[in-house]
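Below you'll find the structure, written out as structure tokens, and then a few comments.
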Amino acid sequence: MPITLLSSPLQGFTDFRFRNAFHHYFGGIDTFYAPYIKMNGKMVIKNNYKRDLNPENNTVPDLIPQVMTNNPDEFVFALNYVKSLGYKELNWNLGCPYPMVTKQGMGSGMICNPQKIDEVLEKAHRESDMTISMKMRMGYEEPTEILKTFETLKKYPLKNIAIHARIGKQLYKGGVDLDAFEKCLDQSPHKLYYNGDITSVEAFKKIQNRFPSVENFMIGRGLISDPFLPSMIKNNTTEYPENRWQIFKEFHDTIYQQYDEALSGPTPIKMKMLGFWEYFSQSFDDPKKIYKAIKKNGSARNYRATVNAIFAKQQ
Ligand SMILES: Cc1cc2nc3c(=O)[nH]c(=O)nc-3n(C[C@H](O)[C@H](O)[C@H](O)COP(=O)(O)O)c2cc1C
């Protein structure tokens, strides 16, 4: 059965610069999700979201915008905005686990509130012809919360529900709960996409073997830790290309240059790249050592020299 691989959105990482370069150098991803847009009660789309979704800035073949809100008016505003840019689908984030969000009844803090979910979806479907999909955890307190939303969700022609197989209060700790995901598969009125901890070809195969009916898999952190993972899954191989490190370095240099141009001052670019290296370092034999080497760089010149030395050692 042909499978589809989707890039799970990572706020602060998978913006248009990352997505474009990723697609160019590594491939393997069929559809990219943009990190969520959030309006905080104002009917205004911030400039950084505008830049990220501007079709002129995006060269990947398929991009789906995402919104995080619990407000029907905001949701419809976001639908109209992304429609005006030419998008056909909006994804709704009911997965974010952070207390700042969940305490306001958004993200995974909304899963226990089917009535509120209903209000948003009812208005959205009444006022817009856009396709709507969802991305959810299985609950905040309990993985059974999601099952109680299915009664509501079945009223609407959602394209799919992508499920990160954790609950909100776990944040990113502990494992994914595959037994609970199986219950979702048994009971969901909609097509489900699987998401969570696909970090290797082996991990992917385990999930695929356990859930042979699932055709769509979302990869988040695994895609930054090992950018070759999607194409290796697609090619059913654990072999890296011969020029693995050359490709990786070219990719690094491309995004570094672009972030360096976009961010002003030495600290923001340093923090940006350090964030990436928390994940990139996983591709190397001694991740801690690599991360430490990057972290201790003071200047841009030192940073570039360290990166060059790290990649030179791999050739
Ligand atoms: C730094 C970070 C930012 C994230 N940003 C988003 C986001 O904007 N939208 C969203 O739906 N999920 C977001 N997520 C969740 C991921 O998309 C994904 O569901 C989660 O990491 C589990 O998948 P993985 O194990 O493949 O990473 C984020 C996760 C992390 C770690």
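Both ligands and their constituent atoms are indexed starting at 1 by order of listing. Here, residue 1 is the first one in the sequence, and each next residue gets the next number.
Taking the centre of each ring, Phe217 and Tyr193 stay at or above the 6.0 Å mark. In this structure, the ring of Phe276 has its center less than 6.0 angstrom from the ring center of Phe18. Between Phe280 and Tyr291, the gap from one ring centroid to the other reaches at least 6.0 Å.
Ligand-side atoms of ligand 1 in range of Ser8: 16 (C), 17 (O), 18 (C), 19 (O), range being under 4.0 angstrom from any heavy atom. In summary, the atoms of ligand 1 found under 4.0 Å from a heavy atom of Asn93, numbered by their order in the structure, are 9 (N), 10 (C), 11 (O). Remark: ligand 1 atoms within the under-4.0 Å shell around heavy atoms of Lys135 are 10 (C), 11 (O), 12 (N), 15 (C), 16 (C), 17 (O), 18 (C), 19 (O). Under a 4.0 Å criterion applied to the non-hydrogen atoms of Asp197, ligand 1 contributes the atoms 24 (P), 25 (O), 26 (O).
Inclusion of Tyr279 in the set of residues having an N or O under 3.5 Å from an N or O of ligand 1 is not warranted. For the pair Pro9 and ligand 1, the shortest N or O to N or O distance falls below 3.5 Å. At least one N or O atom of Arg221 sits closer than 3.5 Å to an N or O atom of ligand 1.
Among protein heavy atoms, atom 9 (N) of ligand 1 sits closest to Gln66 OE1, 2.8 Å. The protein heavy-atom contact nearest to atom 2 (C) of ligand 1 is Leu10 CD2, 3.8 Å. For atom 1 (C) of ligand 1, the closest non-hydrogen atom of the protein is Phe13 CE1, 3.7 Å. In this structure, atom 26 (O) of ligand 1 lies nearest to the protein heavy atom Gly220 N, 2.8 Å.
Of the possible polar contacts, none joining the Asn236 side chain to the Met232 backbone as a donor-acceptor pair under 3.5 Å is found. Looking at Arg19, its side chain does come within 3.5 Å of a backbone N or O of Thr14 through a donor-acceptor pair. At least one donor-acceptor pair under 3.5 Å links the side chain of Gln11 to the backbone N or O of Tyr36. Proximity of a side-chain donor or acceptor of Ser84 to a complementary backbone N or O of Tyr81 within less than 3.5 Å is detected.
Using a cut-off of 4.0 Å between Lys/Arg side-chain N and Asp/Glu carboxylate O, Asp179 and Arg210 are scored as salt-bridged.
Tested against Ser133 for a side-chain hydrogen bond (donor to acceptor under 3.5 Å, both in side chains), the candidates Glu89, Lys159, Lys191 yield a single pass: Glu89.
Of the heavy atoms in Asn195, only side-chain atoms (C-beta onward) come closer than 4.0 Å to ligand 1.
Of the listed options Gln11, His164, Met68, His164 places a heavy atom closest to atom 20 (C) of ligand 1. Counting only non-hydrogen atoms, the option in Tyr172, Tyr33, Tyr98, Tyr36 that gets closest to atom 28 (C) of ligand 1 is Tyr172.
For the ligand labelled ligand 1, residue Gly12 lies outside the 4.0 Å heavy-atom shell.
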Apply ring-ring contact (aromatic ring centres under 6.0 Å, His included) to His252 and Trp245, showing your working. CA-CA 10 Å; His252 167 276; Trp245 298 109; over 10 Å; no
